Amino acid sequence: MRSWWWIAVAAFAVAGVLAAIPQRAFDRFADGSLPVLWHRPGRVDSLTAAVDRLDGLVLRGRLEKVDWSPGTVSVELAEPGGGGEGSAMQDVYALAYTFLVDAEGVDRARIHLIDASGRTVRTYTADRPALDHGPPPGTDAVPAFVQHRFHQQ
């Protein structure tokens with residue numbers, strides 16, 4: 001009997017605390033959304049944040065260097081061996097997608113494909129509009145999309 005009494009007292013205390021919170025604190029969630037459920041892309045505003053965005057990204061080639069300047073991320077990527085041109089395009093697209101779609105604060109991604117000697121073979125540059133209506137990463141449509149929509153040097 002005594003344990004029920006403590007539960008009733010605790011429930012009354014919780015109800016009192018919730019009643020003390022002004023209604024306007026709950027009004028901003030009237031549409032049913034809660035901030036813990038929102039997908040908020042990470043903001044890339046430093047070299048450390050740019051490197052953090054790459055954590056967990058699976059690439060066929062090896063990352064050699066990452067550089068950040070306000071609004072632009074530059075990445076040097078060793079060409080993947082054995083996968084052909086399609087593997088390189090998949091990596092280029094995955095990197096651009098990571099910074100231009102899944103992150104905020106980056107307006108341009110520049111990916112330098114380098115060979116075994118460290119010489120730049122090709123450079124791909126993309127901005128946010130270049131990825132509009134792009135295919136999902138890892139699909140067969142990616143190589144043609146990169147060839148068509150990215151600026152190449």
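Just so you know, these numbers come straight off a predicted model, no measurement behind them.
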Common cluster, Leu54/Leu77, ILVMFWY with side-chain heavy-atom separation under 4.5 Å: yes
With sequence neighbours left out, the residues meeting side-chain contact (heavy atoms from CB on, under 4.5 Å) with Leu47 are Val51, Val66, Trp68
Smallest heavy-atom separation, Glu64 atom then Ala78 atom, equals OE2-CB, 3.9 Å
* According to a 4.5 Å side-chain heavy-atom criterion applied to Ile, Leu, Val, Met, Phe, Trp and Tyr, with indirect links allowed, do Leu63 and Val121 form part of one hydrophobic cluster? -> no
In short, salt bridge (Lys or Arg N to Asp or Glu O under 4.0 Å) pairs touching residues 123-132 with sequence neighbours left out are Asp107-Arg128
On a heavy-atom basis, the closest approach of Val142 and Pro137 is CG2-CA, 4.4 Å
Ala88 and Pro80 have their tightest heavy-atom pair at N-CG, 3.7 Å
Closest heavy-atom pair, Ala103 versus Val44, reported as atoms and distance to 0.1 Å, is CB-CG2, 3.7 Å
Using modelled atom types and a 3.5 Å cut-off, is there a donor and acceptor pairing between side-chain atoms of Thr98 and backbone atoms of Ala94?
yes
By side-chain contact (heavy atoms from CB on, under 4.5 Å), Ala144 pairs with (sequence neighbours left out) none
Hits for salt bridge (Lys or Arg N to Asp or Glu O under 4.0 Å) against Asp52, two or more places apart or cross-chain, chain-then-number order -> none
side-chain contact (heavy atoms from CB on, under 4.5 Å) filter on Thr72, not counting sequence neighbours, yields Ser69, Ser74, Arg108, Arg110
Hits for salt bridge (Lys or Arg N to Asp or Glu O under 4.0 Å) against Glu79, two or more places apart or cross-chain, chain-then-number order -> Arg122
Contacts of Asp115 meeting salt bridge (Lys or Arg N to Asp or Glu O under 4.0 Å) (sequence neighbours excluded), chain-then-number -> Arg119
Applied to residues 137-153, the salt bridge (Lys or Arg N to Asp or Glu O under 4.0 Å) test, sequence neighbours excluded, yields none
*List the steps, then state whether side chain to side chain contact (heavy atoms under 4.5 Å, CB included) holds for Thr123 with Leu113.*
CA-CA 6 Å; Thr123 298; Leu113 287 177; over 6 Å; no
When every non-hydrogen atom of Ala126 is compared with those of Leu131, the smallest separation belongs to CB-CD1, 4.0 Å
Between Arg53 and the options Leu95, Asp102, Val106, Val73, the side-chain contact (heavy atoms from CB on, under 4.5 Å) test singles out Asp102
Using the rule that two of Ile, Leu, Val, Met, Phe, Trp, Tyr join whenever any of their side-chain heavy atoms come within less than 4.5 Å, decide whether Ile111 and Ile114 are in one cluster. no
Residue pairs passing the ring-ring contact (aromatic ring centres under 6.0 Å, His included) test with at least one member in residues 110-153, sequence neighbours excluded, are Tyr93-Phe145
Those residues at least two apart in sequence (or on a different chain) that pass side-chain hydrogen bond (donor to acceptor under 3.5 Å, both in side chains) with Gln152 are Gln147
I want to check something: taking the side chain as every heavy atom from C-beta on, are Gln90 and Pro143 in contact at a cut-off of under 4.5 Å?
yes
